[in-house]
Q: 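Below is the structure I would like to discuss, written out as structure tokens.
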Amino acid sequence: MQFKYFIGIASVCTAVLLSACNGDNSSSSSNQVQEKPTLQPIVIQGALPVESERMAAKLDNATVETIGGWKFWKGTYKGYPVVVSKTRMGMSNSAAATALAIQHYQPIAIINQGTAGGHDPDLHVFDIVLGKYTTNIGAFKTPHKPIGGGSNALEWNEAFDVLPDDESDPEPIAIRKFEGDKELLTAAYKAKVNYTKGQVVEGVIGSADTWNNELDRIKLFHTVYGTSVEEMEAASVAQIAQQFKVPFLGIRVLSNNITNNGAYDPATGEACQDYALDVAEQYMKAKAAK
């Protein structure tokens, strides 16, 4: 009887142990499916409060850090790590903010987004331009003219490459177009279906520390260099990102378009921020699936 009793107890213990092990495996497998792999954060930039603070407010568990004069919010969006960067306005500010973000946060990619003025008459307020290319439209060599010869910006047709391959060339005359990252563009197209306020198209983003209101000059940029919009940050961000080998994409919403009398609408800044967060989510989702 004692032997049979011992066998019975052993069988029950074995069954309980196997059941517990099976339960643990099931739980572990379930957790593995639900957990997202660890990724470096994606940085999304906006120059001004109207181009950045809406995104920052949507981050979970956000912390704020100020480095020099540049502000960063670090948190998560839909479970993915995101850093929102307020670069401040202009080429120098955005370049500095980009270098700081890369050094400090080691991002997986950078999206520079915000508002822009239209160069293409076929584009309208709330349309979004994805930067197939981003270029500096403020770096030109002017033609020689004597004192009294005047100045004509329509004759400034020799674009100056600020990042030449041959740094020994004293006059690197060429337009440099920084190409948008293909995976970020793919994510932008996935997010396109959720944007209903206007078109989403590929184009060329032109950047300079200049606010152009001369329609003939704008037409020259559009016809000669293919620009769709102009703003003051993206090309400098692309330049820094390329040197650090960080994937980059410019995204710009038309806040106004002087070429077709499209009046300024401040709500465009919020629309672009929402779209940029959607793009970031799609990009991070694709990266997590690899």
Q: Please tell me if the side chains of Val84 and Leu59 come closer than 4.5 Å, counting only heavy atoms from C-beta onward.
A: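 Yes - at least one pair of side-chain heavy atoms lies under 4.5 Å apart.
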
Q: Just how far is it from atom CG of Asp161 to atom CZ of Arg176, taken to the nearest 0.5 Å?
A: 4.0 Å

Q: Answer whether the closest heavy-atom distance between the side chains of Phe72 and Val64 falls below 4.5 Å.
A: no

Q: I want to check something: taking the side chain as every heavy atom from C-beta on, are Val201 and Ile128 in contact at a cut-off of under 4.5 Å?
A: no

Q: For a side-chain contact (heavy atoms from CB on, under 4.5 Å) check, start with the C-alpha distance between Ile108 and Val246, then their side-chain angles and the critical distance, and finish with the verdict.
A: CA-CA 7 Å; Ile108 194 171; Val246 176; over 6 Å; no

Q: Between Phe178 and Tyr133, does a ring pair (Phe, Tyr, Trp, His ring centres under 6.0 Å) hold up when you go through it step by step?
A: CA-CA 5 Å; Phe178 298 96; Tyr133 298 100; over 10 Å; no

Q: If you define the side chain from C-beta out and look only at heavy atoms, does anything of Ile251 sit under 4.5 Å from Cys272?
A: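 Yes. Closest side-chain heavy atoms under 4.5 Å.
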
Q: Report yes or no: do Met55 and Val43 belong to one cluster of Ile/Leu/Val/Met/Phe/Trp/Tyr joined by side chain heavy-atom distances under 4.5 Å?
A: no

Q: Dump the intermediate steps for side-chain contact (heavy atoms from CB on, under 4.5 Å) on Val204 and Lys132, then the final yes or no.
A: CA-CA 6 Å; Val204 178; Lys132 173 70 174 174; 6.0 Å; no

Q: Regarding Glu231 and Ser207, is there a side-chain donor-to-acceptor distance under 3.5 Å anywhere?
A: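 Glu231 vs Ser207: donor-acceptor pair found between side chains.
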
Q: Tell me whether the count of non-hydrogen atoms from other residues, nucleotides or ligands lying under 6.0 Å of CZ in Arg217 goes above 12.
A: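 Yes, enclosed.
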
Q: Could you name each residue pair satisfying ring pair (Phe, Tyr, Trp, His ring centres under 6.0 Å) that touches residues 268-290, not counting sequence neighbours?
A: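 Passing the test, one end in residues 268-290: Tyr195-Tyr275.
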
Q: When rounded to the nearest 0.5 angstrom, what distance separates OG1 in Thr134 from CG in Asn112?
A: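 Nearest 0.5 Å value for the OG1-CG distance: 8.0 Å.
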
Q: Under a 3.5 Å threshold, yes or no: a donor from one side chain and an acceptor from the other, between His119 and Ser228?
A: no

Q: Side chains of Asn212 and Glu230: do they bring a donor and an acceptor to under 3.5 Å?
A: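 Per modelled atom types, Asn212 and Glu230 side chains form a pair under 3.5 Å.
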
Q: Take atom CD of Glu214 as the centre, draw a 6.0 Å sphere, and report whether it contains more than 12 heavy atoms from other residues, nucleotides or ligands.
A: no

Q: Could you tell me whether Arg54 and Glu51 make a salt bridge, using a distance below 4.0 angstrom between a side-chain N and a carboxylate O?
A: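 Judged by the 4.0 Å cut-off on N to carboxylate O distance, Arg54 and Glu51 do not form a salt bridge.
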
Q: Working to the nearest 0.5 Å, report the span between CG of Asn256 and NE2 of His124.
A: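 So the gap between those two atoms works out to 13.5 Å.
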
Q: Checking Ser168 against Asp166: is there a side-chain donor and acceptor pair closer than 3.5 Å?
A: yes

Q: Looking at Gln239, is its backbone amide N or carbonyl O close enough to the side chain of Gln243 to form a donor-acceptor pair, meaning the two atoms are under 3.5 Å apart?
A: yes

Q: So with a 6.0 Å cut-off around CG of Asp60, is the heavy-atom count from everything else above 12?
A: yes

Q: Do Glu233 and Arg88 sit within salt-bridge range, that is, some charged N less than 4.0 Å from a carboxylate O?
A: no

Q: Could you check if a side-chain atom of Gln273 sits within less than 4.5 angstrom of a side-chain atom of Gln113, using non-hydrogen atoms only?
A: yes

Q: Would you call Lys219 and Asp120 a salt bridge, taking side-chain N to carboxylate O under 4.0 Å as the test?
A: no

Q: For Thr268 and Asp265, indicate whether the former's side chain and the latter's backbone hold a donor-acceptor pair under 3.5 Å.
A: yes

Q: For salt bridge (charged side-chain N to carboxylate O under 4.0 Å, His left out), just list the numbers for Lys58 and Asp274, CA-CA rounded to whole Å, side-chain angles, deciding distance to a tenth of an Å, and then say yes or no.
A: CA-CA 9 Å; Lys58 291 191 174 188; Asp274 290 344; 2.9 Å; yes

Q: Leu163 and Ile240: same hydrophobic cluster, using ILVMFWY side-chain contacts below 4.5 Å?
A: no

Q: Can we say Lys71 and Glu65 salt-bridge, meaning some charged N sits less than 4.0 Å from an Asp/Glu carboxylate O?
A: no

Q: Please determine whether salt bridge (charged side-chain N to carboxylate O under 4.0 Å, His left out) holds for the pair Lys290 and Glu183, giving the CA-CA distance in whole Å, both sets of side-chain angles, and the decisive distance to 0.1 Å.
A: CA-CA 13 Å; Lys290 290 186 176 181; Glu183 290 183 82; 2.6 Å; yes

Q: Would you say Phe126 and Leu277 are hydrophobically clustered, going by side-chain heavy atoms of ILVMFWY under 4.5 Å?
A: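 The answer is yes; both residues are in one hydrophobic cluster.
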
Q: For a 4.5 angstrom cut-off between non-hydrogen side-chain atoms, does Glu155 reach Lys145?
A: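 SC-SC contact between Glu155 and Lys145 confirmed.
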
Q: Looking at Lys74, I want to see if its NZ is surrounded by more than 12 non-hydrogen atoms of other residues, nucleotides or ligands under 6.0 Å.
A: no

Q: How far apart are the C-alpha atoms of Gln282 and Tyr189, what are their side-chain angles, what is the distance that settles it, and do they pass the side-chain contact (heavy atoms from CB on, under 4.5 Å) test?
A: CA-CA 9 Å; Gln282 295 297 333; Tyr189 273 101; over 6 Å; no

Q: Find the distance between CG (Leu184) and CD1 (Ile111) and round it off to the nearest 0.5 Å.
A: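 If I round to the nearest 0.5 Å, the distance is 5.5 Å.
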
Q: Flag the pair Ile44 / Tyr77 as yes when at least one side-chain heavy-atom distance between them is below 4.5 Å, and no otherwise.
A: no

Q: So Pro121 and His222, do their side chains get closer than 4.5 Å, heavy atoms only?
A: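 Counting from C-beta outward, His222 and Pro121 do come under 4.5 Å.
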
Q: Check the side chains of Ser236 and Ser94 for a donor-acceptor pair under 3.5 angstrom, ignoring hydrogens and angles.
A: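 The criterion, which ignores hydrogens and geometry beyond distance, is satisfied for Ser236 and Ser94.
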
Q: Checking side-chain contact (heavy atoms from CB on, under 4.5 Å) for the pair Val200/Asp127: CA distance, chi angles, key distance, verdict?
A: CA-CA 6 Å; Val200 178; Asp127 287 348; over 6 Å; no

Q: Assess the side chains of Gln45 and Thr98: does a donor N or O sit below 3.5 Å from an acceptor N or O?
A: yes

